[in-house]
Amino acid sequence: SRGLGDVYKRQSPAHAARRECALLLALMGDPWVAGVMISLLESRPNDRELGFELAVLTCVDFYGELDAAITWREWYDEVTHEDASAWFIAAIERKGMALPPGASFKPGPGARDGGLLLLALLRSEEAYLAERARRDLSKLLGGDLGQIPSDATERAAWSVSYTHLRAHET
């Protein structure tokens, strides 16, 4: 049972600051913060923003499950904590897509192939994967692409429009 101390802890300024810092680090793609976010989700299981950002970072979405934090913790205990891109690559493979040999999500050799894969992922029905692709593509291109539509059909149309626009720039 939870006592008043638990309620205070969830609502304290320190807890709110910890949550905001975790969200910022997740936006930066820092894999270290996943464990912190899972702990925060244990005390705030209805925090949709926290759940979505954890899904974007880890590239798995357990938020809708009964004990999402426990499921995420079990997943987290089994994966590398060193590199969030490994989580992204695993998600790409789970979708049945292949990372082209030499493809990179960073500027330099292989960036074109990586960018094309990210463009394809923008059409993903899973909003968290589309958002992860948007963030990585923004980094690759050196500028924020802006918000993508939350509806999968609108997202697909948006990504086709963006692809068409980029094709005319080159």
Side-chain angles (χ1 to χ4, degrees), residues 2-95 104-107 114-115 117-119 121-152 154-155 158-159 162:
R2 295 181 181 209
L4 289 176
D6 291 323
V7 172
Y8 171 75
K9 199 168 29 173
R10 284 194 313 268
Q11 297 174 351
S12 73
H15 185 80
R18 185 174 181 225
R19 178 187 177 276
E20 292 305 311
C21 287
L23 290 172
L24 287 172
L25 287 169
L27 281 170
M28 294 168 50
D30 187 333
W32 170 84
V33 79
V36 174
M37 293 176 79
I38 293 167
S39 294
L40 288 168
L41 196 60
E42 288 170 342
S43 64
R44 299 176 64 122
N46 296 323
D47 189 332
R48 287 185 187 271
E49 182 181 17
L50 187 63
F52 181 73
E53 290 300 330
L54 187 55
V56 172
L57 177 64
T58 62
C59 299
V60 292
D61 187 6
F62 300 122
Y63 186 71
E65 297 195 12
L66 185 59
D67 292 316
I70 291 170
T71 306
W72 250 304
R73 176 79 58 209
E74 290 169 351
W75 171 86
Y76 188 67
D77 288 344
E78 299 295 321
V79 299
T80 181
H81 301 169
E82 304 301 317
D83 185 7
S85 65
W87 303 337
F88 190 36
I89 291 168
I92 292 167
E93 291 170 353
R94 282 191 308 273
K95 286 190 69 64
S104 175
F105 300 133
K106 296 180 179 159
L117 182 59
L118 291 170
L119 280 170
L121 284 166
L122 287 175
R123 298 182 196 102
S124 177
E125 290 188 20
E126 297 95 345
Y128 66 95
L129 281 180
E131 178 60 19
R132 176 64 181 265
R134 184 198 70 80
R135 290 177 188 178
D136 282 11
L137 189 57
S138 292
K139 290 176 191 173
L140 182 63
L141 297 175
D144 190 2
L145 298 179
Q147 291 300 107
I148 58 175
S150 58
D151 177 74
E154 291 176 19
R155 191 168 45 252
W158 181 90
S159 69
Y162 187 79

message = Treating D47 as the side-chain partner and L50 as the backbone partner, does any N or O pair qualify as donor plus acceptor under 3.5 Å?
response = yes
ask   = Does atom NZ of K95 have more than 12 heavy-atom neighbours, drawn from other residues, nucleotides or ligands, at distances under 6.0 Å?
value = yes
ask   = From L145 CG over to L119 CG, what is the distance, rounded to the nearest 0.5 angstrom?
value = 8.5 Å
ask   = Is the closest side-chain donor-acceptor distance between W72 and T58 under 3.5 Å?
value = yes
key: Residue pair L121 / A133: nearest heavy atoms and the distance that separates them   = CB-CB, 3.6 Å
query = With no hydrogens and no angle check, is any side-chain donor or acceptor of H15 less than 3.5 Å from a backbone partner on L40?
reply = no
query = Is the shortest side-chain N to carboxylate O distance from D144 to R134 below 4.0 Å?
reply = yes
ask   = Cut-off 3.5 Å, side chains only: do S124 and E126 have a donor facing an acceptor?
value = yes
remark   = Applied to residues 20-41, the side chain to side chain donor-acceptor pair (under 3.5 Å) test, sequence neighbours excluded, yields S39-R73
ask   = Distance from L41 atom CG to Y63 atom OH, nearest 0.5 Å?
value = 7.0 Å
query = CG of D136 to CG of L141: how many Å apart, nearest 0.5 Å?
reply = 11.0 Å
key: Parallel, tilted or perpendicular: rings of F105 and F88 (30°, 60°)   = tilted
CE-CZ distance between M28 and R135, expressed to the nearest 0.5 angstrom = 12.0 Å
